[in-house]
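All residue numbers refer to positions in the sequence shown, counting from 1.
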Amino acid sequence: MGWGDPDRIFYRLCWGLSLGMVFLVLGIGITLFWGSLPSLKAFGWHFLVGRIWDPVNEKFGALPFLVGTLITSFGALILTLPFALSSGIFLAEYAPPRVADALSTVIDLLAGIPSVIYGLWALFYLVPLVRWVEMKLGVIPFGLGLPTASLVLAVMILPYAASIIREVLRMVPHELKEAAYGLGATRWEVIRGVSIPYGLSGIVAGLLLSLGRALGETMAVTMVIGNRSEMPRSPWDLANTMASVIANEFTEASRDIHLSALIEIGLLLFLITLAVNILARIIILRLQVR
């Protein structure tokens, strides 16, 4: 087949665009690495374990932001897990087709809401709620902080997790379900013993992809986390994430070493997100092979 063949042209076009995406990811990584070289040379591995972030005295440690990112992201994942799993099970197994389609559309629409809207909603509704809970528990009633950021992240990643779990459960072969029903199993027993075990790898992969979404969230978290560049001392403390500190300080970084340190935080976030997504893809591939 020559270049004039439409199939050959389409094949080469798809191949070129796919290769372009690979070069784009490599280009982003190389750009971040090049920009963070001054910080890498000045601080080395101490940058990852340092607890002090003082741009005035040029002391930079990323550990408080790494801890804040992991606490809020995994906290959001834990909070959204029961809702995403129950929503996926209901839409895939219990809801009538019309109801499932309508609810699926609403859930998918939640993913399209800009993060700044979630941040404003959290400021007006979640912050007073968290402050009330903190007063009841006898802790300092900031309202802002790690719990509020985790809650707003849980709401934001819920559509992704629920949609993936729904699709994974719909992929379970009907033959397996019918065989279980033929043996006298109830619907709940089929879900617990057939659907969930069969789609477990896909469910885990979907949760990991949602975790990757939470790791890089910026605006909504910046608005409610408190933006304190110190190591969190309690689950109710004010904090910062890697994304929020970049958003807050990037335009104010007047010194080269400060700018390089922020770029290195971006590089660290890029590598963590990339690792989470690669792990999710590996799990999906294992599901497909099985």
Side-chain angles (χ1 to χ4, degrees), residues 64-91 103 106-166 203-204 206-248 269 272-273 276 280:
F65 314 127
L66 178 61
V67 172
T69 301
L70 295 179
I71 290 177
T72 54
S73 299
F74 281 97
L77 188 64
I78 293 172
L79 289 172
T80 200
L81 176 59
F83 298 99
L85 189 59
S86 59
S87 299
I89 292 174
F90 175 76
L91 293 175
L103 291 179
V106 173
I107 292 176
D108 293 338
L109 286 175
L110 291 175
I113 299 177
S115 60
V116 67
I117 303 301
Y118 281 110
L120 287 173
W121 169 74
L123 280 175
F124 285 107
Y125 292 97
L126 282 184
V127 170
L129 176 62
V130 173
R131 185 181 293 121
W132 178 81
V133 173
E134 289 172 337
M135 293 177 64
K136 294 296 183 180
L137 295 176
V139 299
I140 301 176
F142 291 118
L144 304 171
L146 293 170
T148 311
S150 298
L151 284 170
V152 70
L153 278 178
V155 175
M156 295 180 69
I157 67 175
L158 175 61
Y160 297 94
S163 297
I164 294 176
I165 292 174
R166 177 195 68 209
I203 293 173
V204 173
L207 293 174
L208 287 176
L209 290 174
S210 301
L211 176 63
R213 173 76 169 83
L215 287 170
E217 179 51 47
T218 305
M219 186 53 65
V221 174
T222 303
M223 296 172 71
V224 299
I225 199 170
N227 301 309
R228 176 187 288 177
S229 299
E230 298 178 4
M231 180 68 70
R233 296 180 177 86
S234 75
W236 305 94
D237 209 353
L238 303 177
N240 241 331
T241 64
M242 290 185 284
S244 65
V245 71
I246 294 173
N248 283 322
L269 180 59
I272 292 174
T273 306
V276 169

What's the shortest heavy-atom distance between [X] and [Y], and which atoms?
X      : Y      : result
Thr273 : Gly212 : CG2-O, 4.1 Å
Met242 : Ile272 : CE-CD1, 3.8 Å
Thr218 : Ala243 : OG1-CB, 3.4 Å
Ala149 : Val224 : CA-CG2, 3.9 Å
Ala220 : Met156 : CB-SD, 3.7 Å
Leu153 : Ala76  : CB-CB, 3.5 Å

Side-chain contact test, heavy atoms from C-beta onward, threshold under 4.5 Å: evaluate it for [X] versus [Y] and give yes or no.
X      : Y      : answer
Leu81  : Leu77  : no
Ser150 : Leu79  : yes
Tyr118 : Leu110 : yes
Thr241 : Phe65  : no
Leu146 : Pro235 : no
Val67  : Met231 : yes
Ile164 : Leu207 : no
Ile225 : Thr72  : yes

[X] [atom1] to [Y] [atom2] distance, which is reported to the nearest 0.5 Å:
X      : Y      : atom1 : atom2 : result
Thr148 : Met223 : OG1   : CE    : 12.5 Å
Asn227 : Leu144 : CG    : CG    : 8.5 Å
Leu215 : Leu70  : CG    : CG    : 7.0 Å
Arg213 : Ser115 : CZ    : OG    : 7.0 Å
Leu120 : Leu126 : CG    : CG    : 12.0 Å
Leu209 : Ser163 : CG    : OG    : 12.0 Å

Has the side chain of [X] got a donor or acceptor atom that lies under 3.5 Å from a matching backbone atom of [Y]?
X      : Y      : answer
Ser87  : Ala162 : no
Ser86  : Phe83  : yes
Ser244 : Val221 : no

Hey, mind stepping through Trp121 and Ile113 against side chain to side chain contact (heavy atoms under 4.5 Å, CB included) and telling me if it holds? CA-CA 11 Å; Trp121 169 74; Ile113 299 177; over 6 Å; no
Phe142 atom CZ: more than 12 heavy-atom contacts under 6.0 Å: yes
Report, as yes or no, whether the 6.0 Å neighbourhood of atom CD1 on Ile140 holds more than 12 heavy atoms from other residues, nucleotides or ligands. no
Report yes or no: do Asn248 and Thr222 form a side-chain donor-acceptor pair below 3.5 Å? no
